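Source: prediction; values computed, not measured. For reference, positions follow the sequence shown, starting with 1.
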Amino acid sequence: MTDDVGLLLRRAGFGPTAAELTAARQVGYEATVSTLVAPFGPDIGASSAPIPALGPDPYAERPNPTPRQRAEADRIRKTQTDLITRWWLERMVVANHQAVEKLLFFWHGHWATSVTKVKSPQLMLAQHRTLRESRDIAETARRMVVDPALVYWLDGHLNTKQAPNENLGRELLELFLLGHGRYTERDVKEVGRALTGWRINLGSATSVLDRRQHDDGRKTILGSTERFTATSVVNLLLGRIECVQFIASRLWFRYASSTLPIPERTSERMAGAFPAPMSMLRSLYTDEAFATTRGTMVKQPIEWLVGAMRQLELRPTRIPAETLTQLLDGLGGLGQRPFAPPSVGGWPAGATWLTSAGAQLRLSLAGKLASQLTPSRLTPEDVAYILCIDKWTDRTYAVLRDVRNARLLLTLGLVSPEYLVT
């Protein structure tokens with residue numbers, strides 16, 4: 001097992017503050033793992049950023065809107081989408097239980113659903129609550145397969161027994177619970193039949209089963225035959241070893257390495273803790289293979305921005321609104337905004353984030369963050385301490401040592417390879 005507490009905190013959360021890293025080093029690696037995966041007491045930081053109350057979707061009260069009413073409803077939706085986006089960014093920054101917020105962000109990318117198609121911020125926030133409130137992976141899967149935002153995102157509301165739609169069934173097998181190549185096209189069609197009849201109630205932000213449109217006939221899925229429903233088909237998949245292995249591999253991909261394959265022994269250890277995600281992560285963090293993954297992960301844009309704001313002690317709601325808008329627009333330019341993954345496959349990983357255009361935009365955003373501070377004279381060593389960087393490479397230090405402007409020094413630190421790659 002590694003004793004690299006810095007690596008642990010950078011992977012388990014969005015980026016430790018200097019005080020958090022110092023405290024973790026004092027108590028040691030094992031104690032820090034325990035605190036991360038089983039935090040004690042209420043999250044005081046997160047309580048200062050409660051989930052916003054949106055009220056009903058504006059279209060719920062206007063099923064047949066006039067052009068003027070449609071324009072007003074779209075304006076309200078846009079305002080509310082901006083509200084929940086800013087709220088979630090704030091929540092990620094201020095939360096003390098960082099591993100909890102990071103896991104929620106993982107699930108958002110796993111069960112990837114975008115407001116760009118769903119449109120309704122109420123449905124997106126309802127999905128967020130489902131991911132936040134579910135006790136384990138099994139409950140998450142049972143609730144998500146009929147989640148109204150996901151159902152709409154994958155055209156499940158169009159799925160009827162007369163004309164089955166395979167989109168949700170296919171992604172349930174390939175991207176959510178089993179993985180590519182572990183099912184047949186016949187399985188896809190049969191799962192599609194099991195998921196027929198679900199409709200969306202926009203007013204209550206829930207899904208409802210229309211039994212007249214549900215195919216209650218017998219279906220054969222992965223060799224099992226019965227009158228499968230949404231719940232029973234998920235239960236079938238959850239009971240497959242392929243499902244357990246797949247979830248372990250996805251956690252490894254997002255928390256350990258996007259380039260190195262998960263070792264068989266590590267997968268087995270994590271599988272033994274299924275379906276408890278935090279227990280699976282404990283197995284990962286205490287596995288000897290975790291130590292070998294240093295330097296194999298590139299921070300996603302949201303991870304980068306949230307970590308930077310935490311370390312610079314910048315709270316989103318306490319910086320100028322115009323600057324926050326520029327930061328969120330910059331996230332979009334980098335290719336990652338909360339509630340808006342680009343596809344059902346979620347966001348990319350690794351070197352995909354390291355483009356020349358992205359580097360220029362990230363430099364601009366780093367400058368905007370640094371501009372919110374009035375630091376006194378800083379040295380490269382000071383910046384390394386603030387940003388929780390273990391050590392500068394000779395090449396980076398040669399650039400930083402002659403910089404006399406403190407804000408510029410912070411800006412360069414935030415875009416350095418040592419900060420971007422963990």
Side-chain angles (χ1 to χ4, degrees), residues 12-13 36-40 42-43 46-47 49-52 54 84 87-88 91-92 95 97-115 118 120-154 156 168 171-173 175-178 194-195 198 200-201 204-209 229-240 243-251 254-255 270-284 338-339 341 344 346:
L36 286 169
V37 302
F40 178 77
D43 189 326
S47 66
I51 297 178
L54 299 181
I84 64 174
W87 163 75
W88 196 7
R91 178 75 171 236
M92 288 187 277
H97 298 168
Q98 278 286 292
V100 173
E101 298 300 319
K102 182 68 171 286
L103 182 61
L104 183 63
F105 180 64
F106 164 80
W107 286 127
H108 177 45
H110 183 81
W111 297 92
T113 308
S114 177
V115 72
V118 175
S120 172
Q122 283 78 3
L123 294 188
M124 296 302 299
L125 197 57
Q127 182 183 96
H128 181 94
R129 286 181 178 276
T130 290
L131 295 174
R132 186 176 289 278
E133 295 167 1
S134 296
R135 293 167 297 179
D136 59 23
I137 295 167
E139 181 181 349
T140 297
R142 294 184 190 112
R143 295 180 65 178
M144 284 298 294
V145 75
V146 295
D147 172 78
L150 187 69
V151 168
Y152 188 90
W153 169 239
L154 292 175
L168 179 54
E171 306 310 351
L172 184 68
L173 292 168
L175 296 178
F176 302 151
L177 292 181
L178 283 190
L195 302 182
W198 285 94
I200 297 164
N201 185 321
S204 61
T206 59
S207 58
V208 180
L209 180 62
T229 64
T231 298
S232 60
V233 77
V234 167
N235 288 341
L236 173 70
L237 301 181
L238 290 169
R240 306 277 297 194
C243 174
V244 182
Q245 293 170 339
F246 177 67
I247 297 298
S249 71
R250 298 312 296 168
L251 288 168
R254 291 297 185 184
Y255 281 90
M270 295 177 69
F274 185 87
M278 283 298 190
S279 295
M280 294 181 75
L281 287 173
R282 179 194 287 273
S283 296
L284 171 61
F339 296 109
V344 69

Enquirer: Might you point out which heavy atoms bring Leu168 and Leu195 nearest each other, and give the distance in Å?
Expert: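 Looks like CG-CD1, 3.8 Å.
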
Enquirer: When rounded to the nearest 0.5 angstrom, what is the spacing between CG in Asn201 and OG1 in Thr206?
Expert: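 Rounded to the nearest 0.5 Å, the CG-OG1 separation comes to 4.5 Å.
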
Enquirer: First locate atom CG of Leu154, then atom CG of Leu172, and finally report the distance between them rounded to the nearest 0.5 Å.
Expert: 9.5 Å

Enquirer: Output, in order, the C-alpha distance, side-chain angles, deciding distance and verdict of side-chain contact (heavy atoms from CB on, under 4.5 Å) for Met92 and Leu104.
Expert: CA-CA 10 Å; Met92 288 187 277; Leu104 183 63; over 6 Å; no

Enquirer: Would a 4.5 Å heavy-atom cut-off, applied to side chains only, mark Arg142 and Asn235 as touching?
Expert: yes

Enquirer: Whether the side chain of Ser207 engages the backbone of Trp198 through a donor-acceptor N/O pair (distance < 3.5 Å, no angle test) should be reported.
Expert: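 No, the answer is negative, given that no donor and acceptor are paired below the 3.5 Å cut-off.
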
Enquirer: Decide side-chain contact (heavy atoms from CB on, under 4.5 Å) for Leu150 and Phe176; before the verdict, give the C-alpha distance in whole Å, the side-chain angles of both, and the deciding distance to 0.1 Å.
Expert: CA-CA 12 Å; Leu150 187 69; Phe176 302 151; 4.1 Å; yes

Enquirer: Under a 3.5 Å distance rule, please check whether Asp136 uses its side chain to pair with a backbone N or O of Pro275 as donor and acceptor.
Expert: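 Answer holds: no.
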
Enquirer: Nearest 0.5 Å please: distance from the OG atom of Ser47 over to the CZ atom of Arg91.
Expert: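 Spacing of OG (Ser47) from CZ (Arg91) equals 8.0 Å.
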
Enquirer: Is the shortest heavy-atom distance from the side chain of Leu177 to the side chain of Arg240 under 4.5 Å?
Expert: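 A side-chain contact is absent here, since even the closest heavy-atom pair is not under 4.5 Å.
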
Enquirer: Could you pull out the closest heavy-atom pair between Pro39 and Val100, with the gap in Å?
Expert: CG-CG2, 4.0 Å

Enquirer: Can you give me the closest heavy-atom contact between Cys243 and Leu238, atom names plus distance?
Expert: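 Looking at all heavy atoms of both residues, the closest pair is SG-CA, 4.0 Å.
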
Enquirer: Determine the minimum heavy-atom distance between Trp153 and Val118, stating which atoms define it.
Expert: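 Trp153 and Val118 have their closest heavy atoms at CB-CG2, 4.0 Å.
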
Enquirer: Could you go through Thr130 and Thr140, starting from their C-alpha distance and side-chain angles, then the distance that decides it, and tell me whether this counts as side-chain contact (heavy atoms from CB on, under 4.5 Å)?
Expert: CA-CA 7 Å; Thr130 290; Thr140 297; 5.7 Å; no

Enquirer: Please report the interatomic distance CG(Leu123) to OG1(Thr113), rounded to the nearest 0.5 Å.
Expert: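 Those atoms lie 10.5 Å apart.
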
Enquirer: Assess the residue pair Met144 and Leu131 against the criterion (side-chain contact (heavy atoms from CB on, under 4.5 Å)); give the C-alpha distance rounded to whole Å, side-chain angles, the decisive distance to 0.1 Å, and a yes or no.
Expert: CA-CA 8 Å; Met144 284 298 294; Leu131 295 174; 3.8 Å; yes

Enquirer: Are the side chains of Met280 and Ile137 in contact, using a 4.5 Å heavy-atom criterion?
Expert: yes

Enquirer: Between Pro277 and Phe106, is there a side-chain heavy-atom distance shorter than 4.5 Å?
Expert: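 No, too far: nothing below the 4.5 Å cut-off.
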
Enquirer: Identify the heavy atoms of Ala248 and Met270 that sit nearest to each other, and give their distance.
Expert: O-CE, 3.7 Å

Enquirer: Mind checking the CD-CZ spacing from Gln127 to Arg143? Nearest 0.5 Å is all I need.
Expert: 11.0 Å

Enquirer: Going by ring pair (Phe, Tyr, Trp, His ring centres under 6.0 Å), name the residues that satisfy it together with Trp88, two or more places apart in sequence or in a different chain.
Expert: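 By the ring pair (Phe, Tyr, Trp, His ring centres under 6.0 Å) rule, Trp88 matches His108, His128, Phe339.
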
Enquirer: Tell me, which pairs form a salt bridge (charged side-chain N to carboxylate O under 4.0 Å, His left out) where one or both residues lie in residues 271-284, sequence neighbours left out?
Expert: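 The answer is none; no pair qualifies.
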
Enquirer: If you round to the nearest 0.5 Å, how far is CG of Leu54 from CH2 of Trp87?
Expert: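 Here the rounded value is 10.0 Å.
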
Enquirer: Tell me the closest heavy-atom pair linking Pro341 and Ser114, and the distance in Å.
Expert: O-CB, 3.4 Å

Enquirer: So, do His97 and Lys102 sit near enough that their side-chain heavy atoms are less than 4.5 Å apart?
Expert: no

